[in-house]
Amino acid sequence: MTEQQQSLDAIHDIKKMMERSSRFISLSGLSGVSAGVCALIGAWLAHPYVYGYKNLFIDINQPYTYDATVYLNTWLFWIAMGTFVAALLSAFVFTYIKSKKDGTPIWGKTARRLMINVLIPVAVGGIFLLSMMQYGTFGLVAPGCLLFYGLALINASKYSLNELRYLGYCEIILGIINLNFVGYGLYFWAAGFGILHIAYGVYMWYNYEREN
Amino acid sequence: MVNPINQLNKLFDSRVRLGILSALMMNNSINFNELKELLEITDGNLASHLKALEDNNIIKVEKGFIGRKTNTTYKLTKVGEKAFKEHIEALEKMIKATK
């Protein structure tokens, strides 16, 4: 019995160390919730501009130019930037707190590997969507975001928490459905980046981080 | 039947060494500080375990520099990988045998 217990303990140690050394596991569920809340606020702010209730341009007297600087003159651009930065910062804060609590280093090999593997699909998606916007295909931006983000999450799950994979599948399914309802992109975007993030975050927090 | 306890490698009879080997199985190479953070042990303790593993040709050491700081990285040798796999198999056998 004690021999068996010792072997089990050893195997358990081995497994734990393999996980710790190869995956970034400090990702907090609360990061998901906070990023989701930021996305919902962002979508709410963007809604009147996307659906034409308010004028898109900040300075309507500024002459129209045919290059990227025209985006800087739209409220939407600044709402999108603000949402992105707020979501990233708030997500970082909760993950930082969790890593301090667990005693795992925040910036190391595992974090670097996760970062690279998230950035590749996200950057490719970003470039692709920007060029779509150049050609005026705005309707595909929201489903495009969902699809590329879903792929990034599935890729990331190998270097972080396994559950990210299922979040990724959900984002992709949502993105594919959205392809058939192109005019409703913002609602799908809010569901994918807002509600799914919050649902995932609550699930993770409830199962792994709640104080017993 | 051979008692699986004889197949357990005495070299791996320590939590620290199991930790070092596990981390090296998942990573091509790891440096001293990363190992120290992962295992949460002191420099001296880690160094002595690493020395023992190196002397037995389980791991190989590569010394380099990042700027002016020394950067010592560790890798698993072929022999080490085989030995560690056998050790895990022996552990599994022991668990199964007493079930």
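Numbers restart at 1 for each chain; the letters A, B, ... are given by sequence-line order, proteins then strands.
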- [ ] Identify the two heavy atoms, one from A:Ser21 and one from B:Ala23, that lie closest to each other, and give their separation to 0.1 Å.
- [x] OG-CA, 3.4 Å
- [ ] Calculate, to the nearest 0.5 Å, the distance between atoms CD and OG1 belonging to B:Glu34 and A:Thr110 respectively.
- [x] 9.0 Å
Task: Inter-residue atom distance B:Asn28.CG - A:Lys109.NZ, 0.5 Å rounding - done: 8.0 Å
Task: Validation row: B:Leu39, A:Met17 side chains within 4.5 angstrom (heavy atoms) - done: yes
Open item on the list: How about CZ on A:Phe181, more than 12 heavy atoms from neighbouring residues, nucleotides or ligands closer than 6.0 Å, or not?
Closed with: no
Task: Within 6.0 Å of OH in A:Tyr184, more than 12 heavy atoms from elsewhere - done: no
Open item on the list: Less than 4.5 Å apart, side chain to side chain, heavy atoms only: is that true for A:Arg113 and B:Asn27?
Closed with: yes
Open item on the list: Under 4.5 Å from any heavy atom of chain A, what part of B:Glu37 do you find: side chain, backbone, both or neither?
Closed with: both
Open item on the list: On a heavy-atom basis, which atom in A:Met18 and which in B:Ser22 lie closest, and how many Å separate them?
Closed with: CG-O, 3.6 Å
TODO: Output the distance between atom CG (B:Leu18) and atom CG (A:Asp9), rounded to the nearest 0.5 Å.
DONE: 11.0 Å
